[in-house]
Amino acid sequence: MSIVNTLQKCVIESLSALHNINFTEKDFQINETKPEFEGDYTVVLFSLIKPVKSSPEALGKNLGEYLIKEYPGYFTQFNVIKGFLNLTISNNFWIDFVNKNYDDICFGKKPLNGKKVMVEYSSPNTNKPLHLGHLRNNFLGWSVAEIFKASGYEVIKSCIVNDRGIHICKSMIAWQLFGNGATPESTSTKGDHFVGEYYVKFENELKKQAAELASKEALKNYTHYNGEEQNKVVAFETQKVKLLEENNDKNKEKIVKINDELLEIRRNATPIMKTAKNMLLDWEAGKPDVIELWKKMNGWVYEGFEVTYKKIGSDFDTTYYESNTYLLGKETVQQGLSKNVFFAKDDGSVWIDLTADGLDEKLVQRKDGTSVYITQDIGLAQQKYDEYKIDRSIYVIGDEQNYHMKVLKLICQKLGMPYADNIYHLSYGMVELPTGKMKSREGTVVDADEIVAEMENIAKEKTEQLGKVNDFNNEELNKLFHTIGLGALKFFLLRVDPKKRMIFNPEESIDFHGFTGPFIQFNHARIKSILRKGELKKGAVIDNDLLPLEKNLIVALEKYPLVLQQACHEMNPSVIAIYVYEIAKTFSSFYTEHSILSAETENKKQLRLKLANLTANVVKSAMAQLGIEVPDRM
RNA sequence: GGUCCCGUAGCUCAGCUGGAUAGAGCGGCAGCCUUCUAAGCUGUAGGCCACACGUUCGAAUCGUGUCGGGAUCACCA
C-alpha cells in the first residue's frame with residue numbers, strides 16, 4: 001500500500017479513536033508538504049474541524065501526537081502550521097521501501113483483474129498517408145492500451161480502416177486518368193504516398209473543372225446542372241444579389257456561406273466528380289474491374305501503412321474494415337423502429353429524436369434504405385461486444401467528433417444495449433502548426449514518415465556532436481537514433497493533456513533538452529553506466545541518515561503506483577509523462593550533488609546503487625507505458 | 001443562433017475531486033566540466049491565473065455572466 005493510502009488509513013483510525021467519528025478518505029485531503037516546511041506529507045485539517053468540534057491547532061496537535069505514538073513505524077515528527085498537519089515519515093519506512101522494491105521490474109503494476117477493455121485507435125483512411133495528427137492518435141491509443149495492461153486489464157487493440165467510400169474512389173479515378181499504369185514500384189514511392197499523390201491529382205483536376213463551370217455560370221450558362229440543382233443555384237444567386245444590394249456588413253458572413261454552398265454544388269457537378277460517384281455505385285454493385293482496382297490500390301496503401309506502423313511501434317490485435325462493416329446496423333434500425341426509439345418520416349427515412357437530450361434529430365437510415373455512418377458505428381459497437389465480451393470500449397478519436405460520439409453512445413443507451421454505458425470517447429485535440437491548422441489543400445500537412453525521419457536525423461546530428469558512442473556499429477547507431485528521435489516525438493505529443501489542442505512548431509518545439517524524452521533517456525543511460533561499474537550487493541541496506549536529495553528521490557519513486565492508477569483512471573498518458581520527467585529531474589539533481597560509486601561509506605554506496613536501480617526501473621517502466629524505449633547508452 | 005471545449009510567465013505547457021508565498025521547460029541574465037555520461041546542475045529576472053460578480057474560513061480550481069479562440073449542429077465519413 002502506498003504511503004498516502006497508509007496515511008489516510010491511519011488518520012481515519014486515529015480520528016475514530018480520538019473523536020469517535022468515522023471519516024472516509026474523501027473527507028480530508030493529504031498533500032505533499034511544500035518544500036519550505038518541514039515534513040513529507042500534510043494532512044489538511046480545515047475540513048475536519050467542524051465535525052470534531054475543535055480548533056485546527058488543537059486537532060493538529062492531538063492527531064499528530066496520536067499518530068506518532070500509535071504508528072511509530074511510519075511517523076517520526078510533526079508540526080502544525082495554521083490548519084496544516086505536516087508529518088515526517090520515518091526513514092525506516094523509506095529504506096524499507098527501497099529494500100523491498102529496488103529489483104522489482106513490475107513495481108507499480110497491478111495483477112490481472114479479469115476485465116477486458118478494447119481500445120480502438122488509429123483508424124486511417126486509405127487514400128492518403130498518415131500525418132502528425134494521426135501520430136497523436138496512434139501514440140495516445142497505444143499508450144492508453146499499455147496503461148490499461150499495467151493496471152491489470154486484458155486489452156484488445158483494434159483499428160477500423162476506412163477503406164471504402166468516395167475518397168478512395170477519387171484516388172482510383174485519378175490513377176485511371178493520369179497514372180499510365182504507374183505503380184509504387186515503378187516510381188519507387190511508398191504505397192500510401194503513391195496513392196495519396198493521386199488523391200491530390202484528383203483534387204487539382206476537380207478544382208480546374210469547377211473553375212471552368214464557374215466561368216460558364218458567370219455567363220449565366222447553367223446547362224451543366226440538372227433541374228433540381230439549377231433551381232437551388234438560381235435561388236442562392238438571387239439571395240446573394242439581394243444581400244449584396246443591402247450593402248450591409250453583417251451580410252458578409254451569409255454571402256460567404258452561400259458561396260460555399262454554390263461551390264459545393266458546382267464541385268459535385270464536375271464530370272470528374274460524377275465519374276467518382278459512379279465508381280462508388282459500381283463498387284457497391286461489386287463490379288469486378290472496380291473491385292480489382294480497389295483491392296490493388298488499397299493493397300499499396302496497406303504496404304505503406306505497415307512500414308509506418310512498424311516504425312512508430314503501432315500494432316493491433318484486430319482490424320476491422322469498413323468495407324465489411326458498412327452494412328452493419330441495418331437490423332438495429334428495425335429493432336429501433338419496433339421499440340419506438342426511432343421513427344420513420346414520410347419519405348421512408350429513419351430518424352431518432354434527441355432534442356430531449358439537448359441534441360437534434362439525427363438521421364439513422366437514408367430514404368433509399370442505405371445506412372449512414374452512425375448506423376455502421378452502432379453495428380460495429382455491437383459486433384465488438386459480441387466478439388470479445390468487452391467490459392469497456394474506448395474510442396480514440398479527435399474532438400471534432402465529440403458530437404457524433406455523444407450521439408452514438410446515447411442511441412446505444414436508448415436501444416438498451418448492454419455495453420452502452422461503457423462506451424468512452426477518448427477525445428483529443430487537434431495538432432496545429434504555429435501558422436494555424438494543417439491543411440492538405442495548402443500543403444502544410446506534416447507527414448508522419450517525414451517527421452519521424454527528421455527526428456531521427458536530429459538525433460543523429462546531436463549524437464555525433466557529443467561523440468559518446470563512437471564505438472557503436474552502424475546497426476547499433478541506427479537503433480539509437482531511432483530510439484531517441486521517436487522518443488522525443490512521442491514524448492512531445494504525449495506530455496500534453498490529450499483533450500487540449502496543441503501547437504507543434506517543427507523548428508523550435510522539438511528540443512532534446514529539458515522536459516523532453518531524450519532528457520529522460522539520458523538519465524536512464526547515466527544510471528545504467530553507473531550500474532555497469534558498481535557492484536550492487538543483494539541484501540538489505542541499513543541507513544538511518546537519509547540526505548534530502550536521496551529522500552526526495554525515494555519519495556518521488558514511491559508515488560509511481562498511484563501515478564499509474566491515476567493515469568489509468570483518467571486515460572491520460574500525460575500524467576505519466578509529467579511524472580517520469582519529475583523522476584529524471586530529481587535523479588539528475590541528486591546525481592550532480594552526490595557520488596554513487598564514490599559514496600562516503602559502503603553502506604551509502606549500496607543504498608545509492610539500489611536507489612539508482614529502482615530509478616532506472618521506474619523510468620523504463622513509465623516510459624514503456626508511453627511506448628518509448630530507453631537506451632542503456634547514448 | 002444552439003451545444004461542447006479552451007483562455008495561467010515572451011513562447012510551449014503543469015497545477016483544476018477548492019488549501020500554505022501559482023510551478024516546469026524553452027528563451028534572457030549570472031555561475032558550474034583534472035570528479036560516476038554537461039542531452040547536465042545551480043542561481044536570477046519574468047504573473048491583476050482573460051474580465052466581472054457570486055459561493056466559501058479559503059478560489060487559478062466551484063457557479064453565473066461578459067469578452068476572446070476553437071469544434072460541432074449534412075440523406076459526407
Side-chain angles (χ1 to χ4, degrees), chain A residues 26 29 31 33-34 36-37 42 44-47 49-50 56 81-84 86 123 125 162 164-167 264 322 326 345 347-351 355 357-368 370-374 376-377 398-404 406-407 427 429-430 432 434 437 459 462-463 465-466 468-469 484 488 492 495-497 499-505 508-509 511-523 525-534 574-575 577-578 581-582 584-585 588-599 608 612 633-634:
Chain A
K26 284 176 184 163
Q29 240 180 24
N31 298 336
T33 304
K34 298 237 166 194
E36 55 268 36
F37 301 103
T42 296
V44 183
L45 302 165
F46 297 107
S47 59
I49 55 174
K50 247 186 202 167
I81 298 169
K82 292 199 255 175
F84 301 93
N86 301 321
S123 308
N125 287 358
N162 190 349
R164 54 136 248 137
I166 195 71
H167 59 276
E264 197 54 34
E322 209 190 286
Y326 81 109
K345 289 196 178 174
D347 62 5
S349 57
V350 182
W351 298 73
T355 48
D357 298 279
L359 306 176
D360 309 89
E361 281 189 358
K362 204 70 194 163
L363 179 88
V364 293
Q365 191 176 75
R366 297 192 187 95
K367 65 184 169 198
D368 63 7
T370 56
S371 60
V372 291
Y373 184 43
I374 193 103
Q376 301 165 30
D377 281 346
D399 63 6
E400 77 271 14
Q401 298 209 39
N402 283 355
Y403 181 80
H404 173 78
K406 210 167 163 182
V407 170
S427 167
M430 295 291 106
E432 292 175 14
K437 281 184 216 165
K462 302 230 175 188
T463 305
Q465 271 169 28
L466 293 168
K468 294 177 189 172
V469 288
I484 296 172
F492 184 83
R495 65 177 220 196
V496 180
D497 187 339
K499 69 170 180 284
K500 292 197 175 178
R501 285 187 287 156
M502 66 183 299
I503 294 178
F504 181 89
N505 186 330
E508 295 163 24
S509 285
D511 196 345
F512 287 8
H513 303 274
F515 187 14
T516 67
F519 169 74
I520 295 156
Q521 292 171 321
F522 164 70
N523 277 290
R526 270 164 146 184
I527 296 173
K528 284 295 177 181
S529 169
I530 292 167
L531 292 172
R532 281 191 295 271
K533 291 173 189 161
S574 77
V575 170
I578 291 161
Y581 172 65
E582 183 197 332
K585 206 163 68 107
S588 202
S589 297
F590 158 75
Y591 170 95
T592 3
E593 197 62 35
H594 305 295
S595 176
I596 294 170
L597 295 177
S598 316
R608 289 179 187 167
R633 289 183 58 193
M634 67 184 276

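Quick note on labels: first sequence line is chain A, next is B, and so on, each numbered from 1.
Distance A:Lys406 NZ to B:rU3 C1': 6 Å, rounded to the nearest Å. Taking atom CD1 of residue A:Ile527 and atom P of nucleotide B:rG40, one finds them 15 Å apart after rounding to whole Å. In this structure, A:Asp368 places its CG atom 9 Å from P of B:rC76, rounding to the nearest Å. Atoms CD (A:Glu361) and C1' (B:rC75) sit 13 Å apart, rounded to a whole Å. In this structure, CD of A:Glu400 is placed 10 Å from P of B:rC73, rounded to the nearest angstrom. For the pair A:Asn162 CG and B:rC76 P, the interatomic distance rounds to 15 Å; values are reported in whole Å. Put simply, CD on A:Gln401 is 15 Å from C1' on B:rC4, counting in whole angstrom units. For the pair A:Met502 CE and B:rC11 C1', the computed distance is 14 Å after rounding to whole Å.
As rounded to the nearest Å, B:rA9 and B:rA22 have C1' atoms that lie 11 Å from one another. On the P atoms, B:rU72 is 35 Å away from B:rC53, given to the nearest whole Å. B:rC5 and B:rG65 are spaced 13 Å apart, taking the P atom of each and rounding to whole Å. When the P atom is compared between B:rG18 and B:rC62, the two are found 9 Å apart, to the nearest whole Å. As rounded to the nearest Å, B:rG28 and B:rC67 have P atoms that lie 40 Å from one another. To the nearest whole angstrom, the two C1' atoms, one in B:rU44 and one in B:rA59, are 30 Å apart. Nucleotides B:rG46 and B:rG1, compared at atom C1', are 42 Å apart to the nearest Å. Rounded to a whole angstrom, the distance from the C1' atom of B:rG68 to that of B:rC49 is 16 Å.
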Per-nucleotide protein contact string for nucleotides 31-39 of chain B, where B marks a base within reach and S marks sugar-phosphate only (heavy atoms under 4.0 Å, - for neither):
-----BBSB

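With B:rG18, B:rC75, B:rC5 as the candidates, the nucleotide lying closest to the side chain of A:Lys499 is B:rC5. The side chain of A:Arg366 lies closest to B:rC76 when the candidates are B:rA14, B:rC76, B:rA24. Taking every side-chain heavy atom of A:Phe84 into account, B:rA20 is the closest of B:rG18, B:rC13, B:rA20. Closest contact between the side chain of A:Val372 and the listed nucleotides B:rA77, B:rU21, B:rA14 involves B:rA77. With distances taken from any side-chain atom of A:Ser588 to the nucleotides B:rU12, B:rU21, B:rG40, the minimum falls on B:rG40. For A:Ser589, whose side chain is taken as the heavy atoms from C-beta onward, the closest listed nucleotide among B:rG70, B:rG18, B:rU42 is B:rU42. Checking B:rU12, B:rA14, B:rG25 against the side-chain heavy atoms of A:Ile578 singles out B:rA14 as nearest.
For the pair A:Arg495 and A:Tyr581, the cation-pi criterion (under 6.0 Å, within 45° of the ring axis) is not fulfilled.
Annotation for A:Ser349 and A:Asp347: closest pair OG-OD1, 2.6 Å, computed over non-hydrogen atoms. In this structure, A:Lys585 and A:Phe519 approach most closely via the heavy-atom pair N-CE2, 3.9 Å.
At the heavy-atom level, A:Gln521 lies nowhere under 4.0 Å from the strands shown. A:Asp360 comes within 4.0 angstrom of the backbone, heavy atoms only, and of no base. Backbone-only contact: A:Val496 has heavy atoms under 4.0 Å from sugar-phosphate atoms and none from a base. Contacts of A:Tyr403 with the nucleic acid, taken as non-hydrogen atoms under 4.0 Å apart, involve only primed sugar atoms and P, OP1 or OP2. At the heavy-atom level, A:Thr42 lies under 4.0 Å from base atoms of the strands shown.
Base orientation for B:rC32: anti, the chi torsion being more than 90° from 0.
Donor-acceptor pairing under 3.5 Å, judged by distance alone, is present between the side chain of A:Ser349 and the base of B:rC75. A donor-acceptor contact under 3.5 Å links the side chain of A:Asn86 to the base of B:rA20.
The ring-ring contact (aromatic ring centres under 6.0 Å, His included) check on A:Phe522 picks up nothing, with sequence neighbours excluded. A:Arg633 meets the salt bridge (Lys or Arg N to Asp or Glu O under 4.0 Å) test with A:Asp471; sequence neighbours excluded. Residues that satisfy the salt bridge (Lys or Arg N to Asp or Glu O under 4.0 Å) test with A:Glu593, not counting sequence neighbours, are absent from this structure. Taking A:Arg501 as the reference, A:Glu432 meet the salt bridge (Lys or Arg N to Asp or Glu O under 4.0 Å) condition, with sequence neighbours excluded.
Proximity of a side-chain donor or acceptor of A:Asp360 to a complementary backbone N or O of A:Lys362 within less than 3.5 Å is not detected. Panel note: side chain A:Asp368, backbone A:Thr370; a donor-acceptor pair is recorded below 3.5 Å. A donor-acceptor pair is defined here as one N or O able to donate and one able to accept, closer than 3.5 Å; no such pair exists between the side chain of A:His404 and the backbone of A:Tyr373.
An OP1 or OP2 oxygen of B:rU12 is reached within less than 4.0 angstrom by no side-chain nitrogen or oxygen of A:Lys500.
For the pair A:Asp399 and A:Trp351, nearest-nucleotide mapping onto RNA chain B gives the more 5' position to A:Asp399. Between A:Ser574 and A:Gln365, it is A:Ser574 whose nearest contact on RNA chain B lies nearer the 5' terminus.
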Between A:Thr516 and A:Asp511, does the side chain to side chain donor-acceptor pair (under 3.5 Å) criterion hold? Intermediate values first, please.
CA-CA 7 Å; A:Thr516 67; A:Asp511 196 345; over 6 Å; no

Is there a side-chain contact (heavy atoms from CB on, under 4.5 Å) between A:Ile530 and A:Arg608? Walk through the geometry before answering.
CA-CA 10 Å; A:Ile530 292 167; A:Arg608 289 179 187 167; over 6 Å; no

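In this structure, the aromatic ring of A:Phe37 is positioned over the six-membered ring of the base of B:rA20, centres within 5.5 Å and planes within 30°. In this structure, A:Phe515 forms no aromatic stack with the base of B:rA24, since the conditions of centre separation below 5.5 Å and plane angle below 30° are not both met. The aromatic ring of A:Phe46 sits over the base of B:rG19, with ring centres less than 5.5 Å apart and planes inclined by under 30°.
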Could you provide the dot-bracket string of RNA chain B, using ( ) for intrastrand pairs, [ ] for crossing pairs and | for bases paired to another strand, with Watson-Crick or G-U pairs below 3.5 Å?
(((((((..((((.....[...)))).(((((.......))))).....(((((..]....))))))))))))....

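A distance of 8.5 Å separates OG of A:Ser574 from NZ of A:Lys499, quoted to the nearest 0.5 Å.
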